[in-house]
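Shown next, in structure tokens, is the structure this report addresses.
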Amino acid sequence: MSVDKDTVRRIAGLARLAVPAEKLEPLAGELNGIFNWVEMLNEVNVADVPAMTSVVAQKLKWRADVVNDGGVAEELMKNAPEHESTFFVVPKVVE
Amino acid sequence: MTDFTLASARDALKAKKISSLELTTALVKAVEEARPLNAYVTETPEKALEMARASDTRLAKGEGGALEGLPLAIKDLFCTKGVRTTAGSNILGNYVPPYESTVTQNLWDAGAVMLGKTNMDEFAMGSSNETSAHGPVFNPWMAKNSNSKLVPGGSSGGSSAAVAANLCLAATGTDTGGSIRQPAAVTGTVGLKPTYGRCSRWGIVAFASSLDQAGPMTKTVRDAAILLKSMASIDPKDSTSVDIPVPDYEKLLEGGIKGLKVGIPKEYRMDGAPPEIAALWDKGAEWLKAQGAEIMEISLPHTKYALPTYYIVAPAEASSNLARYDGVRFGHRAKGVRDITSLYEKSRAEGFGLEVQRRILIGTYVLSAGYYDAYYARAQKLRTLIARDFTEVYKKCDVILTPATPGPAFAVGDKSDDPVAMYLNDVFTVTVNLAGLPGLAVPAGLTANGLPLGLQLIGKAFDEATILRAGLAIEQAAAFNHKPANWWRAA
Amino acid sequence: MSPTSSSTAAQIIKGQTGDWEIVIGMEVHAQVSSNSKLFSGASTEFGAEPNNQVSFVDAGMPGMLPVINEKCVEQAVRTGLGLKAKINLRSIFDRKNYFYPDLPQGYQISQFQNPIVGEGEVFIDLKDGSSVLVGIERLHLEQDAGKSLHDQSPDNSYVDLNRSGIALMEIVTKPHMRSSEEAAAFLRKLRAIVRYLGTCDGNMDEGSMRADVNVSVCKVGGYDKFRADGSFKHLGTRCEIKNVNSMRFVAQAVEYEARRQVEIIEGGGTIKQETRLFDSKLNETRSMRSKEEAHDYRYFPDPDLLPLELDAAWVETIKKSLPELPDEKRARFVAFGLTPYDASVLVAERELADYYEALAKGVDAKAAANWLNNEILGRLNRDSLTIADVPVSAAANNAIVTMVADGTISGKIAKDLLYIVWTEGGDPRQVVEARGLRQVTDTGAIDAAIEAVIAANPDKVEEVKAKPKLAAWFVGQVMKQTGGKANPGAVNAALKKRLNLPDEG
Ligand SMILES: [Mg+2]
Ligand SMILES: [Zn+2]
């Protein structure tokens, strides 16, 4: 599997990262270097191995259904780059 | 005054030989003087002095917690209420959290004093502290006959430098692939990555959720035991925090290591590693043996797959964890953008540094349609195999002894243009994160040109007490009492 | 109650080149009834000030972590049991990654490969009294997104995260619906089930239930092949119509979309798999351009959450606590003597069914159903009210119907009596006594009234001898004479005797 310019462009689009055109090629090279190194994992037969889904051996904690949070609209707006009363504001989104 | 350890300062405070205000004032001054090291990104002297005074009041009444009046440095990955938190990134800008992380809250509840926030690799992605948006941190140590500046390790490089240079009594760090143990080892300090689930991750800026774990960075093994006791807790706000009571690690230091079974994994003898590392490792085994431990060779057959596994799992999780930095609710927003997609793409490209962008791209790729099974699913299966390796050997031994790093601190700029070479710094530490186990780095000696090297002890899950006890044995045998020359005050 | 074969119910679209069948599958998002959100302690109440029901977790602030709400898990299990579905004792939360301003974390926590509920079934009730089985593919728990308002400013969108993180159950059907009627009926039935269970309020106006409707068309016979071998190649390309929020719109959207697809195919075109929007004002569907880009959600298990493991005994406890569901209630009502269709109408709303049961206690089931349909629901519909608004209790109605049945009052008086208690209140039995509404069964009084009517209409007496059907006119006159209080049966019998009429009149 080899990463080319178009793949980098597609991945960068998915990740919402603006990558200048002239950077696509060098980035593809770098990523290929890393992916070539990672190829060594193919040496291992993992057919019957379960994937690790949790590092800790315990049951998922459950919360009681009580309202004990929220009501911090003003607080949220303090770090907002742009807001209007207690709405976050973004450039117009077309549906 | 700044030479105090946590234990000695605690005892001096209790005996009223010093006050927290005196101690804190001395450290605040040391922090100011050490700005050339760039260890702190945010100093909070007023807050420190105010907390110290409050501690003195409590101490005078014979009250106070386990860390009463003891000044600490906090890695800038921990959200601190009302104090800017950047995670070493421009994308957080001047983000001021309206909440306090569970770990730091535990520390303040125990009476600790906050000196400020320490520098780090951006989003904890790095092994040299060179990816920080605030610039590199310099290692307080320099090689003999050289004045080239060295890296303090990473990603907790600000914390390791601050502890090594006596700019705090101890510091917090976080460790995703070695980010506590590797910087501790190359700065001659002690670093402990606890078992995954021991310290709450709530309020710590996430890098790779299944690997991230907070832990203490200290001057001595005893201090690590003291600090861990206060950092750790059972947190209902973190679903991965484990419901096991926190023991008194300091008390558990006593008793020696007679009969302790120490495994030496043969796969950790790496080709091309400096002979000094192998020699130190052998010496470590001898020290433990001399104190009554039983040394045995063991095998962790999947060791060599750990790093590439890590470089799939960690970026995958990171690519998702870092999606929230989008310029909408907080942090950096690109100027003059009129559509939402450009707003995302420009804000993120401007706000994230190159290493972070590289890892986001890797992570996005390995999760994307058609590649998930080949990369992410396979890596998670390898993780199972790596964890099984440990389960197997722990049927025979109690702890594992390895080198902490493949070499001493390197010069700033030396490895920054070869990502894979940089990633190899974590070769001895990363398996521990993948398996969720505790690991401790202890300073054990100096290279021929005078740079610190560390050894690593790996324990069973939630058996921090045993690696701390073995670490204490190494610390005593090594009698490591070297300190870097103070060159930065003149700088 | 045996389900009819689905294909007989298939709706046919007549095209230029022949007949086409519709195939419909649905994904319904039902908001879980809970006080707080799926992974945070913020309130789920509707209508708060913007961003005022948002915790730092819901806003995706750095370092914030999800902790699951036990009630939401319970509600999902309860719903699964109500859908007669398999409960998966181990399920996994995944992250669905995409960027959108109302998705603060940059991912939605959902369940992808391992949902909490597996295959189940829903019977839908059609007007002709038949039932059709719609297979449920799965039900999973996931977070709702926030809301972007686009019409507040010319250049900007405003983001409100109050909904962000509220628990949703996404219920996915198999492509088993064959007509717009079935699609609407499915949604109606599903809503009835979750309301019975108390797991979702089913309030479509407030967005508590939204349907994504997948529509495709195929040549007649294609669907049966699909049912036979399970291969989707026998079906046409489907389009997904997003967020349809009423039964009526579901039916309209299906109708429009199926016809649109047939026209395209017959015109030589091909259907593009896409997401479409139903415009209820124009009654048409149209492509959603913003959703055009190829999606790659990069699902992976959420490392902040461990697998969700349920205790079989706990699931069993929930199962034991389930209320009687619409199908069971319907079967019981049919056993009482109702027609399947009447029964299905009554059980569609739990409140209505409960009202009916209280009304029908100890009286004839059919008479009670007629009374409810004709006298109560008729009046409610006229005033656009619902069963919750009836000012007369079911017990009071039961008293009225009982009095009709035991002959205390006549059917005519019963209607007047209902009007009185509806508008003035009061206990029906007391009103009957106080106003002397008891039916006259005293033969002397009836005979007197008959004599009076005969005396006043000698011509009619002659006529009725030739035309026995005219007896009804006499009954009416006698009733009038007695102020409606005479028992019509007694009047009829006495008249026949007095006028010497044959029995079958
Ligand atoms: Mg869907
Ligand atoms: Zn959904």
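Source: prediction; values computed, not measured. Residue numbering restarts at 1 for every chain, and letters A, B, ... go by the order of the sequence lines.
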For [X] and [Y], I'd like to know if the aromatic rings sit close, meaning centre-to-centre distance below 6.0 Å.
X         : Y         : result
Phe56(C)  : Tyr99(B)  : yes
Tyr107(C) : Tyr98(C)  : no
Tyr344(B) : Tyr100(C) : no
Phe300(C) : Tyr372(B) : no

Please look at [X] and chain C and tell me whether the side chain, the backbone, both or neither of the residue comes under 4.5 angstrom of a heavy atom of that chain.
X         : answer
Pro98(B)  : both
Thr364(B) : both
Arg329(B) : side chain
Tyr196(B) : side chain
Phe78(B)  : neither
Ile204(B) : backbone
Leu92(B)  : side chain
Ala377(B) : neither

Exercise. Does Gln152(C) CD have over 12 foreign heavy atoms under 6.0 Å away?
Worked result: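 For Gln152(C), atom CD is crowded (more than 12 foreign heavy atoms under 6.0 Å).
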Problem set entry | When Pro62(C), Pro303(C), Gly106(C), Gly63(C) are compared by non-hydrogen pairs under 4.5 Å with chain B, the top option |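 Top option by heavy-atom pairs under 4.5 Å: Pro62(C).
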Exercise. Where the side chain of Glu142(C) meets the backbone of Leu168(C), is there a donor-acceptor pair that is under 3.5 Å apart?
Worked result: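 Judged by distance alone, no pair lies under 3.5 Å.
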For this session: Flag the one option from Asp326(B), Asn321(B), Val328(B), Leu343(B) with the top tally of heavy-atom pairs under 4.5 Å to chain C.
Result: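 The option with the most such pairs is Asn321(B).
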Please flag which part of [X] lies under 4.5 Å from any non-hydrogen atom of chain B: side chain, backbone, both or neither.
X         : result
Asn97(C)  : side chain
Phe99(C)  : both
Tyr297(C) : neither

Problem set entry | Taking every non-hydrogen atom, the tightest pair across Ala42(C) and Gln53(C) |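 That closest heavy-atom pairing would be CB-O, 3.5 Å.
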Problem set entry | Heavy-atom side-chain proximity of Asp76(B) to Thr85(B) below 4.5 angstrom |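 A side-chain contact exists here, since the closest heavy-atom pair is under 4.5 Å.
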For this session: Any chance you could lay out the salt bridge (charged side-chain N to carboxylate O under 4.0 Å, His left out) test for Lys96(C) and Asp302(C), step after step, and finish with the verdict?
Result: CA-CA 9 Å; Lys96(C) 179 181 183 180; Asp302(C) 190 332; over 6 Å; no
